[in-house]
Amino acid sequence: MREAHIPLATLPARVSIREVGPRDGLQNEDVILSTAQKIALINCLSDSGLEHIEVGSFVHPQAVPQMADTAEVFARIERHPNIVYSAIAPNRKGAERAVAAGADAIQVFLSTSESHNQSNVHMSIADSLSQAAEIAALVRHAGKLFDAVLSVVFGCPFEGDVPIERVLQIAERLVAMGAQQITLGDTTGMAHPRLVQEVCLAFAERFPQVPVRFHPHSARGAGLANVLAALQVGVDRFDASVGGIGGCPFAPGAPGNVCTEDLAHMLHEMGIASGIVLPRVLACARNLERLLGHAVPGQTVKAGICGHLGSQGEPRIAELARG
Ligand code: ZN
């Protein structure tokens with residue numbers, strides 16, 4: 001028998017998934033969920049074995065009306081002591097509100113291309129880095145985790161290719177500010193497996209002590225292939241959204257974030273632990289479909305969990321149909 005081309009010994013035995021559906025996902029949906037619906041969604045996700053949930057963001061409510069009630073959501077969710085509940089803050093004021101709301105981790109985000117940063121937060125990268133330094137000081141003083149998310153690392157909708165050296169230089173500034181993790185975002189789904197490996201390897205070489213998280217999008221269908229490419233070079237932290245909701249304003253109608261249950265299903269089948277209890281996260285995805293009033297892009301919610309996952313999964317749809 002031929003040997004598999006992915007030697008399992010080279011892959012991480014366990015990965016950490018940060019659930020970004022309540023923020024990255026919902027903020028790109030036309031339907032605005034009520035505060036109670038968001039709380040129900042997050043409580044459902046908290047019971048799914050996830051260890052990190054991005055609850056919302058503290059941006060100006062006029063800019064992102066979907067996130068206007070993030071403080072109230074934080075106040076009313078049932079928090080599990082072993083789950084990190086994080087929020088995004090674009091500036092000092094947002095970070096103050098995130099700390100006051102009780103976020104465990106605060107994420108700053110900036111783009112690795114000037115034009116995307118301008119279009120996203122109306123500032124130059126240099127100004128975003130100044131804001132990040134203020135946020136870092138505030139967040140660390142409050143004893144919270146300071147986390148940095150870089151957008152359009154693998155391609156910019158305005159500028160095309162993004163030089164890896166520029167990504168590393170921006171990351172260097174954030175690491176100097178005390179970033180405890182750097183997230184490399186494929187915001188518009190322009191990454192491909194070879195590029196993912198090039199960027200992740202360059203990052204690991206420059207910052208061997210800094211954990212890297214990969215934030216894949218599936219706008220062009222390469223999401224899970226890119227995850228596998230990242231796994232092969234040792235990345236063990238990923239972002240994903242329940243149901244695969246999200247999308248991107250530059251690719252209307254395209255699928256969004258890599259889907260949490262599709263990713264967890266693939267990992268489980270490969271023997272890589274994620275801690276996620278598949279039937280529970282699938283139940284969240286089905287609830288989400290009802291709340292949004294449309295089908296979610298995720299595939300496992302349609303195909304069901306493979307039967308041989310047994311007690312961890314559910315019977316296959318085909319078996320249900322036979323029975
Ligand atoms: Zn995203």
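The basis for the numbers below is simple: all heavy atoms, side chains too, and nothing from hydrogens, waters or symmetry mates. Indexing begins at 1, ligand by ligand and atom by atom, following the structure's order. Computed from a prediction, not measured in an experiment: that's the story for all the values here.
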*Would you say the side chain of Glu165 lies within less than 4.5 Å of the side chain of Arg206, judging by non-hydrogen atoms?*
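Answer yes - side chains close enough.
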
*Backbone N/O of Phe146 and side chain of Arg140: donor-acceptor pair under 3.5 Å*: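 Absent.
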
Q) Is the gap between the ring centers of Phe214 and Phe154 under 6.0 Å? A)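 So the answer is yes for these two rings.
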
What's the spacing between Gln181 CD and Arg213 CZ if we round to 0.5 Å?
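Reported value, rounded in 0.5 Å steps: 4.5 Å.
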
State which residue, out of Thr188, Asp239, Asn226, Asn257, fulfils the side-chain hydrogen bond (donor to acceptor under 3.5 Å, both in side chains) condition with His217.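 Among the candidates, only Asn257 passes.
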
With 2.8 Å as the threshold, which protein atoms of type N, O or S lie near the Zn ion (ligand 1)? Leave waters out.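 Under 2.8 Å from the Zn ion (ligand 1) - ignoring waters, which are not counted - the protein N, O or S atoms are Asp24 OD2, His215 NE2, His217 NE2.
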
Check your understanding: How is the hydrophobic cluster of Val149 composed, in terms of its other members, when Ile, Leu, Val, Met, Phe, Trp and Tyr link through side-chain heavy atoms under 4.5 Å apart, directly or indirectly?
Key ->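 Its cluster partners, ordered by chain and number, are Ile88, Phe109, Val121, Met123.
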
